Engineer: 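Structure in structure tokens, see below.
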Protein chains: 2
Amino acid sequence: MAVTIRQISEACGVSRGTVDRVLNNRGKVRPETEAMVRREAARLGYRKNLAGQALAARKKNYTIGVLMLSEGVEFFDEVLAGIRQAESEIRDYGIHIEVVTMKGYHIEEQAERMREMSSRIHLLILHTVNDPRIAREIDCLEESGIPVITLNTDVEGCRRLCHVGCDFIKSGRTACGLLGLISPGGAQIGVATGTVLSLGHNQRISGFAQLCREHFSGFEIKDVIETLDDDETAYVQTKAMLSRHPELTAVYVVASGASGVCRAIKEAGRNLTVIANDRTPSVSRLTENGQIAAVIGQEPFQQGYKAVILAFQYLVGESRPEQEVWYMKNEILIRENLS
Amino acid sequence: MAVTIRQISEACGVSRGTVDRVLNNRGKVRPETEAMVRREAARLGYRKNLAGQALAARKKNYTIGVLMLSEGVEFFDEVLAGIRQAESEIRDYGIHIEVVTMKGYHIEEQAERMREMSSRIHLLILHTVNDPRIAREIDCLEESGIPVITLNTDVEGCRRLCHVGCDFIKSGRTACGLLGLISPGGAQIGVATGTVLSLGHNQRISGFAQLCREHFSGFEIKDVIETLDDDETAYVQTKAMLSRHPELTAVYVVASGASGVCRAIKEAGRNLTVIANDRTPSVSRLTENGQIAAVIGQEPFQQGYKAVILAFQYLVGESRPEQEVWYMKNEILIRENLS
DNA sequence: CTGAAAGCGCTTACAG
DNA sequence: CTGAAAGCGCTTACAG
């Protein structure tokens, strides 16, 4: 039989309330009493029963807020699916989720939205951009007792509770390592990034370049274009890159825009190895028909799921996440293990 | 506020016990009363609070049994780690786990062990071999009210609750698809399987061969050897295969024995593309130093974790798993995303 | 600084 | 066929 608070209280000859005060550091306990309770708890091997705790927590009616700059971005559909999955699990414990999505990158507008949500929520899961104004807003929330979990993209210089995302450097290294297997003889590479303003995109490129230097002396990055995460721009830019560089043998697509990139390659009648990031429906189709050789995924579903579970454990279990940063896996997806 | 049993009982003018009887199909309720309760539950959108249910379930003192033929097999260390992780989570709800591991494939001995454990457990997670005697034993347990979840390897023709493992066909197809990217010009392939008696090993090979036929006309399987999941045997057999087939360009290692295979290749001074299954510590080392090009993983940690979580949900949540078969992902692991 | 009591939502013997 | 009551383990306002 598992040890309960009642057993500790009986062993010590104090009330259960007192044991609770000690074990949850609520203060107002005589030092000797506290020491005795801690000793007995340790001796008996006490572990809190989460069911009891969760049931008691029902009275607080917790709500978790989710705010994402995700509207119109395919990638986030799977993140949202993970959030919904976790929601349906924690709903069974009486916890609610309020999801708000926004379109584009409007800093002030998002900050305003954060303030507005704060009155109704006990914790915020936030997908945003790495901007000092947002960092300040996060600190405000933290001060008013609402912890923030950053999702997918971290925010530097703020007191967020933790970050759930993926290791972008490793993502770039994985793309490069895979290209090394495909083209052991060397490669002339064009890089199609989203924007040079994105920290994540740049980290992927630098991971890729890093491994080129370490292991693949036959790899050369000949050009970097920006797709602005838009297929039309990607198409135009890729077309131009291909005519500038007839020697290209591979393209690394760092962010959105793979469809445009592939269209330009196809029209030019070139046979290039394309490695892309993030399995969206359109990227899946291109991989199935062979235009994309492989996709580096970042477990979007798990990202959403994990963020909510950490939030739940923090609120109900009163336990800070064990790690400050939670990275999901960098998956390699080809036609055969895509779905 | 979430809807509770109390609210339904008040809305219907019956006791909470009666609502419980209806909602959990315990019978002994007048049909009209039952209809009314169901109508109100649906109208109010009732969902069971798991915390309450789990707390009440504490009185049952559930124990989950785990029985595995895993001793001395590196692969299962990660499966066990997943089981331990899940254990530490559900222990917080007062559920216990008893793990028993055995060495080798002794059918009668394992059947005996199953019977012996059955007196102490409420559900069994079982890793075994696909044998009719085990199937019969599983049915016995099911009949005596102890459901069985098969882990990693399924058992045919029995009434197990569900299966947690991976899609071996897809695993073989993924290995082949990856080799297709590495060797677009074709490959002469040697296959090193564990034993031709293992259903899983055979499924991997047939998945591999399937895709050869569908997509890679330049691929030829020239030879199949058995490692008996043993490095020494693998070494000897590979050595013989290499001298029989000087034309080989690739080896697909289906089961354990990759170290032996690689040693033989190295000694022969041959430069072959090796694709292996399952990231064990020794396979990781060989991948890091480039002797293995890529590893197809089957998420061993997740397998163990998922099996326990399904068991927990079945016992405490009284909910049958939604699926009869739970497949983990087939991961592609190369040096850069190995750890 | 401490205790007694009520409550979170579900289940279960027991009485009728 | 149904209800009243106790209990699972933890937390919390209240009284002292």
Side-chain angles (χ1 to χ4, degrees), chain A residues 1-37 41 44-62 90-96 313 315-319, chain B residues 1-37 41 44-62 90-96 313 315-319:
Chain A
M1 281 295 294
V3 182
T4 67
I5 269 192
R6 157 164 266 141
Q7 288 168 52
I8 298 174
S9 73
E10 284 167 0
C12 296
V14 300
S15 74
R16 293 189 281 153
T18 299
V19 175
D20 175 72
R21 262 163 237 138
V22 172
L23 263 25
N24 293 291
N25 309 304
R26 302 190 209 283
K28 309 185 185 180
V29 178
R30 203 154 48 101
E32 302 89 275
T33 314
E34 166 159 1
M36 173 171 63
V37 168
L44 295 169
Y46 172 75
R47 285 182 60 101
K48 183 178 290 185
N49 180 310
L50 269 191
Q53 188 176 32
L55 193 49
R58 272 295 286 113
K59 292 183 218 175
K60 301 194 180 153
N61 236 290
Y62 282 128
I90 69 173
R91 186 169 45 193
D92 295 348
Y93 293 93
I95 314 286
H96 296 99
Q313 292 172 342
L315 291 176
V316 172
E318 293 181 330
S319 61
Chain B
M1 282 294 294
V3 181
T4 69
I5 271 191
R6 157 165 265 140
Q7 288 168 52
I8 298 174
S9 74
E10 284 166 1
C12 295
V14 300
S15 75
R16 293 188 280 154
T18 299
V19 175
D20 176 72
R21 262 162 237 138
V22 172
L23 263 25
N24 293 291
N25 309 304
R26 303 190 208 282
K28 309 184 184 179
V29 179
R30 203 154 49 102
E32 302 89 274
T33 314
E34 166 159 358
M36 175 172 60
V37 168
L44 297 170
Y46 172 75
R47 286 182 60 101
K48 184 178 289 185
N49 180 311
L50 270 191
Q53 189 175 32
L55 193 50
R58 271 296 286 113
K59 293 185 218 175
K60 300 196 180 153
N61 236 290
Y62 283 128
I90 69 173
R91 186 168 44 193
D92 295 349
Y93 292 93
I95 314 286
H96 296 100
Q313 291 172 342
L315 291 175
V316 172
E318 293 181 330
S319 62

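Any value given below was found using the heavy atoms of this structure, including those in side chains, with hydrogens, waters and symmetry copies removed. Bear in mind the structure is a predicted one, so any value in this text is a computation, not a measurement. Lettering of chains follows the sequences in order, A, B, ..., and the numbering in each one begins at 1.
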Engineer: Distance check needed: D:dC8 C1' versus B:Asn61 CG, whole Å only.
Structural biologist: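 Computing the B:Asn61:CG to D:dC8:C1' distance gives 11 Å.
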Engineer: Please confirm whether the shortest side-chain N or O distance from A:Thr33 to OP1 or OP2 of C:dT2 is below 4.0 Å.
Structural biologist: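 Yes, such a contact exists.
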Engineer: Apply ring-ring contact (aromatic ring centres under 6.0 Å, His included) to A:Tyr46 and list each qualifying residue two or more places apart in sequence or on a separate chain.
Structural biologist: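 With sequence neighbours excluded, A:Tyr46 shows a ring-ring contact (aromatic ring centres under 6.0 Å, His included) to no residue whatsoever.
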Engineer: Summarise how protein sits on nucleotides 10-16 of chain C as a single string, 5' to 3': B when a protein heavy atom is under 4.0 Å from the base, S for sugar-phosphate-only contact, - for no contact.
Structural biologist: BSBB---
Engineer: Report the distance from atom CD1 of B:Ile8 to atom P of C:dG9, rounded to the nearest whole Å.
Structural biologist: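 Atom-to-atom, B:Ile8 to C:dG9, this comes out as 12 Å.
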Engineer: Going by salt bridge (charged side-chain N to carboxylate O under 4.0 Å, His left out), name the residues that satisfy it together with A:Arg26, two or more places apart in sequence or in a different chain.
Structural biologist: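 Counting only residues at least two positions away or on another chain, A:Arg26 forms a salt bridge (charged side-chain N to carboxylate O under 4.0 Å, His left out) with A:Asp20.
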Engineer: Can you name the side-chain hydrogen bond (donor to acceptor under 3.5 Å, both in side chains) partners of A:Glu34, sequence neighbours left out?
Structural biologist: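 Scan of A:Glu34 (side-chain hydrogen bond (donor to acceptor under 3.5 Å, both in side chains), adjacent residues dropped) gives A:Arg38.
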Engineer: Stems involving DNA chain C: give each as a range paired with a range, ordered by first number, where a stem means at least three consecutive Watson-Crick or G-U wobble pairs under 3.5 Å.
Structural biologist: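 Stems (3+ consecutive pairs) listed as C:1-3 with D:14-16, C:5-12 with D:5-12, C:14-16 with D:1-3.
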Engineer: Does the side chain of B:Arg30 get closer than 4.0 angstrom to OP1 or OP2 of D:dC1 through an N or O atom?
Structural biologist: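 False: B:Arg30 side-chain N/O out of range (4.0 Å or more) of D:dC1 OP1/OP2.
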Engineer: Rounded to the nearest angstrom, tell me the gap between atom OH in B:Tyr93 and atom C1' in D:dG9.
Structural biologist: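 B:Tyr93 atom OH is separated from D:dG9 atom C1' by 13 Å.
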Engineer: Please state how far atom CG in B:Leu315 lies from atom P in D:dC8, giving the value in whole angstrom units.
Structural biologist: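 B:Leu315 atom CG is separated from D:dC8 atom P by 20 Å.
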Engineer: Mind checking side-chain hydrogen bond (donor to acceptor under 3.5 Å, both in side chains) for B:Arg30 and listing every partner two or more places apart, or none if nothing turns up?
Structural biologist: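 Partners of B:Arg30 under the side-chain hydrogen bond (donor to acceptor under 3.5 Å, both in side chains) test: B:Glu32.
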Engineer: Find the distance between CD (A:Glu318) and NZ (A:Lys48) and round it off to the nearest 0.5 Å.
Structural biologist: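 Those atoms lie 5.0 Å apart.
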Engineer: Does A:Ser319 have any side-chain hydrogen bond (donor to acceptor under 3.5 Å, both in side chains) partners at least two apart in sequence or in another chain, and if so, which?
Structural biologist: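 Testing A:Ser319 for side-chain hydrogen bond (donor to acceptor under 3.5 Å, both in side chains), a comparison that skips the adjacent residues, returns none.
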Engineer: Residues two or more places apart in sequence or in another chain: which of them pass side-chain contact (heavy atoms from CB on, under 4.5 Å) with B:Ala51?
Structural biologist: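 B:Ala51: side-chain contact (heavy atoms from CB on, under 4.5 Å) contacts with A:Ala54, A:Leu55, A:Tyr93, B:Asn49.
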Engineer: So, OP1 or OP2 of D:dA4: does either fall under 4.0 Å of a side-chain N or O from B:Ser15?
Structural biologist: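 So the side-chain polar atoms of B:Ser15 never come under 4.0 Å of the phosphate oxygens OP1 or OP2 of D:dA4.
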Engineer: Classify B:Gly317 by what it touches in the nucleic acid, base, sugar-phosphate, or nothing, heavy-atom distance under 4.0 Å.
Structural biologist: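 Result for B:Gly317 = nothing.
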Engineer: Roughly how far, to the nearest 0.5 Å, is CG of B:Leu315 from NZ of B:Lys60?
Structural biologist: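 That separation rounds to 9.0 Å.
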Engineer: Could you tell me which residues satisfy side-chain hydrogen bond (donor to acceptor under 3.5 Å, both in side chains) with A:Asp92, sequence neighbours excluded, listed by chain and number?
Structural biologist: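 A:Asp92 satisfies side-chain hydrogen bond (donor to acceptor under 3.5 Å, both in side chains) with B:Arg47 once adjacent residues are dropped.
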